[in-house]
Amino acid sequence: MPQHLTLRLRSLAVVVLVFSCTGSVDGPDGQAGGGSAGGGGTAGGGGTAGGGTAGGGTAGGGTAGGGTAGGGTAGGGTAPSSTPCTVNGQCTWPESANTCPQDCGTYALTRYTQQSNRYVDPACVLDGDGTVDVCATSAGGAGRFNRLRTALQRVGGGITLLLHPGTYFEALPMGASPFDGIFAVDQQSLNPAPTATRPLIITARQPASPPLLRSYQGANGTRAGSAPALRVTAAHVIVDGLSFEGMVLLSGARSVRLQNSTCRFGWGICDGNWACISIGDSEDLVIHHNLVTDIDVGAMCPGGDDRGAGLKEFTSQRSIWELNTVQNVPRWGYDQHRNSVDATVRYNIFRNSSEGVRSERGTRNHYYGNVVMASYACLYSSGINEQQAATPHEDEVFNNTCIFADWGITTEARFRTTIRNNVFVRLDEGAPGAGDGVFNLVAPGANHTIDHNAFDADARYTQAPYDPPIISDLPTWRTATGYDATSTEGPDGACALVDPPAALTDATFDARVAPSACLTGGQNGTELGAYGLRTCVGQACP
């Protein structure tokens with residue numbers, strides 16, 4: 001097992017404001033203000049893994065983004081959480097507008113009919129009152145704000161804050177902590193408080209030219225030790241169609257949506273928790289249709305630090321990460337670092353990462369419908385929730401397509417993990433040494449439910465990460481464990497892909513299953529892999 005897989009990181013020391021709240025749904029958006037909106041770009045198949053810009057499109061309401069809903073039955077998961085659409089007239093977790101428009105409606109901004117507009121433009125000389133979409137002729141007069149920080153202190157629920165194109169950066173006030181963020185949305189400053197039907201919406205004035213919010217000053221500024229570009233510590237906020245260089249930090253947030261945006265580079269204090277989109281101590285968040293790319297490594301931190309993540313989560317409940325593309329990441333595409341409950345990661349593309357998904361110290365995690373191209377591990381699960389030590393760690397891992405990795409899916413004997421309908425392709429090509437130390441599954445113990453997978457015959461199986469027996473073929477694995485009674489394997493994977501990537505860095509590929517038994521090899525005769533649940537995955541989907 002690669003040494004870096006055994007690292008245990010310190011939690012990010014963020015001072016947060018936590019709101020007392022329940023897990024109830026509190027508006028037509030469902031998911032307590034979560035859900036999703038249709039993204040831009042083209043839809044087809046695996047398509048491009050990082051394609052296009054993510055800044056366009058409207059969010060917040062309207063119809064549910066088109067395409068197939070990707071739901072119905074979950075292709076092998078058995079818990080209710082694995083069914084993202086019950087069609088019962090109520091929008092409840094884990095439904096979102098992307099997966100269940102029948103219950104959740106849509107999120108086009110036109111849905112919010114009681115909003116008033118305010119405008120921000122850093123090109124204006126004077127700071128106006130934000131009420132009119134022209135530059136102000138007197139300080140505080142009718143016209144655009146020219147400082148986003150000022151604007152965020154003068155808005156509340158029912159306001160749509162429209163940001164004109166440009167670069168947004170302001171130095172931190174004297175004595176401020178970097179964790180306060182360059183720009184911050186704080187619950188105590190929002191007047192009136194946002195609600196599900198009258199949220200605070202922060203979006204682009206010109207969707208084709210998204211504003212750029214930076215964690216640092218200047219194109220070559222030092223990102224290490226600066227500050228998150230945007231911190232949201234509030235409820236019922238929608239962040240849509242923006243571009244970030246640094247980090248978006250959702251901390252102590254509730255019913256917040258981050259969508260249709262681009263995030264590059266990331267931010268952190270070089271303690272192993274560098275990330276581009278990070279959430280902590282939050283409830284009912286939905287992060288969807290975002291492009292996260294080119295996360296920094298090494299040179300941004302003194303002495304180097306290659307533990308950057310695209311998406312990172314701490315101590316949150318009912319978070320949904322769906323239809324994102326995360327690419328060119330030094331370590332984790334998604335890092336569920338500790339103590340979250342019911343994290344749902346679905347229909348994403350994780351491309352060119354060391355580990356696609358890390359599921360650590362959580363409770364009832366759900367990973368399905370993802371395409372993962374990783375060099376070491378597609379999905380690695382470990383650790384008991386420190387806040388719920390007596391609760392079993394239960395993961396659902398199904399209908400994922402795993403390409404190139406040294407290790408496919410790893411779990412622990414003390415967990416109860418469902419591993420079904422997954423596709424493993426060309427695992428021996430993740431690193432030098434074809435077949436040496438390369439495993440489809442590391443699944444110790446007898447607590448798991450494992451079947452209907454399509455494995456790579458060039459990879460092996462084991463019940464212990466380091467110790468024998470190392471099992472080289474599926475029939476022997478079946479006999480030894482009782483798992484995978486109807487699974488299959490073949491050279492380079494039992495399922496051929498329509499247009500497989502040639503390398504981890506390939507941006508154009510089609511990871512749908514080519515005509516074969518894999519089209520009906522899943523539980524209940526469903527298609528294996530990510531496209532057994534949805535016709536399109538990743539940020540470019542409609």
Side-chain angles (χ1 to χ4, degrees), residues 12 14 50 53-56 119-124 127 144-153 161-174 176-186 202-233 237 239-251 258-270 273-279 287 290-301 305 308-312 324 326-330:
L12 187 61
V14 182
T53 59
Y119 304 92
V120 187
D121 187 349
C124 292
D127 197 18
R144 302 166 187 153
F145 295 111
N146 70 355
R147 297 185 62 211
L148 179 55
R149 186 174 293 159
T150 300
L152 293 172
Q153 294 169 349
L161 194 60
L162 293 154
L163 278 57
H164 276 263
T167 299
Y168 290 74
F169 175 84
E170 298 178 29
L172 287 170
M174 186 69 67
S177 164
F179 293 105
D180 292 336
I182 301 297
F183 302 106
V185 181
D186 293 314
I202 306 169
T203 189
R205 179 66 179 88
Q206 300 176 29
S209 300
L212 173 62
L213 279 63
R214 273 186 171 150
S215 283
Y216 57 95
Q217 187 172 19
N220 298 311
T222 300
R223 290 181 280 281
S226 50
L230 178 68
R231 177 179 61 86
V232 178
T233 307
V237 176
V239 179
D240 166 74
L242 307 184
S243 182
F244 299 94
E245 290 185 351
M247 177 194 280
V248 183
L249 176 63
L250 309 178
S251 174
L258 171 61
Q259 58 197 24
N260 302 328
S261 296
T262 299
C263 187
R264 302 175 64 207
F265 304 143
W267 175 83
I269 55 174
C270 303
N273 289 302
W274 193 281
C276 223
I277 299 175
S278 181
I279 73 172
I287 294 91
N290 302 291
L291 172 62
V292 177
T293 186
D294 301 328
I295 306 303
D296 279 332
V297 296
M300 293 297 106
C301 293
D305 189 339
L311 314 175
K312 189 176 287 285
N324 302 287
V326 182
Q327 61 184 22
N328 306 330
V329 180

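Everything numeric in this text was worked out from a predicted model, so none of it was measured. For this chain, numbers begin at 1 and follow the sequence in order.
- Applying the side chain to side chain contact (heavy atoms under 4.5 Å, CB included) test to N328 and every residue at least two apart in sequence or in another chain returns T293, D294, R351, N352.
- Note that CZ of F169 and CD of E245 are 12.0 Å apart. Values are rounded to the nearest 0.5 Å.
- Remark: D180 engages no residue in a side-chain hydrogen bond (donor to acceptor under 3.5 Å, both in side chains) (not counting sequence neighbours).
- Between D186 and R231, the closest side-chain pair of non-hydrogen atoms falls below 4.5 Å.
- In this structure, L152 and I202 have side chains that are in contact, with non-hydrogen atoms separated by less than 4.5 Å.
- Between V120 and L161, some side-chain heavy-atom pair lies under the 4.5 Å cut-off.
- Checked against side-chain hydrogen bond (donor to acceptor under 3.5 Å, both in side chains), Q206 has no partners two or more places apart in sequence or in another chain.
- Residue L163 comes nearest to P211 through the heavy atom pair CB-CG, 3.6 Å, listed as atom of the first residue, atom of the second, then distance.
- At least one side-chain heavy atom of L291 sits less than 4.5 Å from a side-chain heavy atom of Q327.
- Shortest non-hydrogen contact noted between C276 and G266 is SG-N, 3.6 Å.
- A donor-acceptor pair is defined here as one N or O able to donate and one able to accept, closer than 3.5 Å; no such pair exists between the side chain of D121 and the backbone of H164.
- For the pair N324 (side chain) and V292 (backbone), a donor-acceptor distance under 3.5 Å is absent.
- Between G246 and C263, the shortest heavy-atom distance links the atoms O-SG, 3.5 Å.
- Side-chain contact between L162 and T203: present, with at least one pair of heavy atoms (C-beta onward) separated by less than 4.5 Å.
- For V329, the side chain to side chain contact (heavy atoms under 4.5 Å, CB included) criterion is met by I295, V326, S353, not counting sequence neighbours.
- Side-chain contact check for R264 and T262: no donor-acceptor pair (N or O, by modelled atom type) lies under 3.5 Å.
- Contact record, G268 with W274: N-CE3, 3.4 Å, taken as the closest heavy-atom pair.
- Taking CG of D127 as the reference point, atom OG1 of T150 lies at 4.5 Å (rounded to 0.5 Å).
- Listed by chain and residue number, L212, R214 satisfy the side chain to side chain contact (heavy atoms under 4.5 Å, CB included) test with T167 (two or more places apart in sequence, or in another chain).
- Rounded to the nearest 0.5 Å, atoms CG (L148) and CG (L230) are 8.0 Å apart.
- Checked against L250 for a side-chain contact (heavy atoms from CB on, under 4.5 Å), the options V185, I279, T233 give a single hit: I279.
- Here the shortest heavy-atom pairing between F183 and E170 reads CE2-OE2, 3.4 Å.
- Counting heavy atoms from C-beta outward, L172 and I182 have side chains that approach closer than 4.5 Å.
- Side-chain contact between L242 and F244 is present, with at least one heavy-atom pair separated by less than 4.5 Å.
- For the residue pair M247 and S215, the shortest heavy atom distance occurs at N-OG, 3.3 Å.
- Looking at heavy atoms from C-beta onward, I277 lies in side-chain contact with I287 at the 4.5 angstrom threshold.
- Using cut-offs of 30° and 60° for the angle between ring planes, the F179 and W267 rings count as perpendicular.
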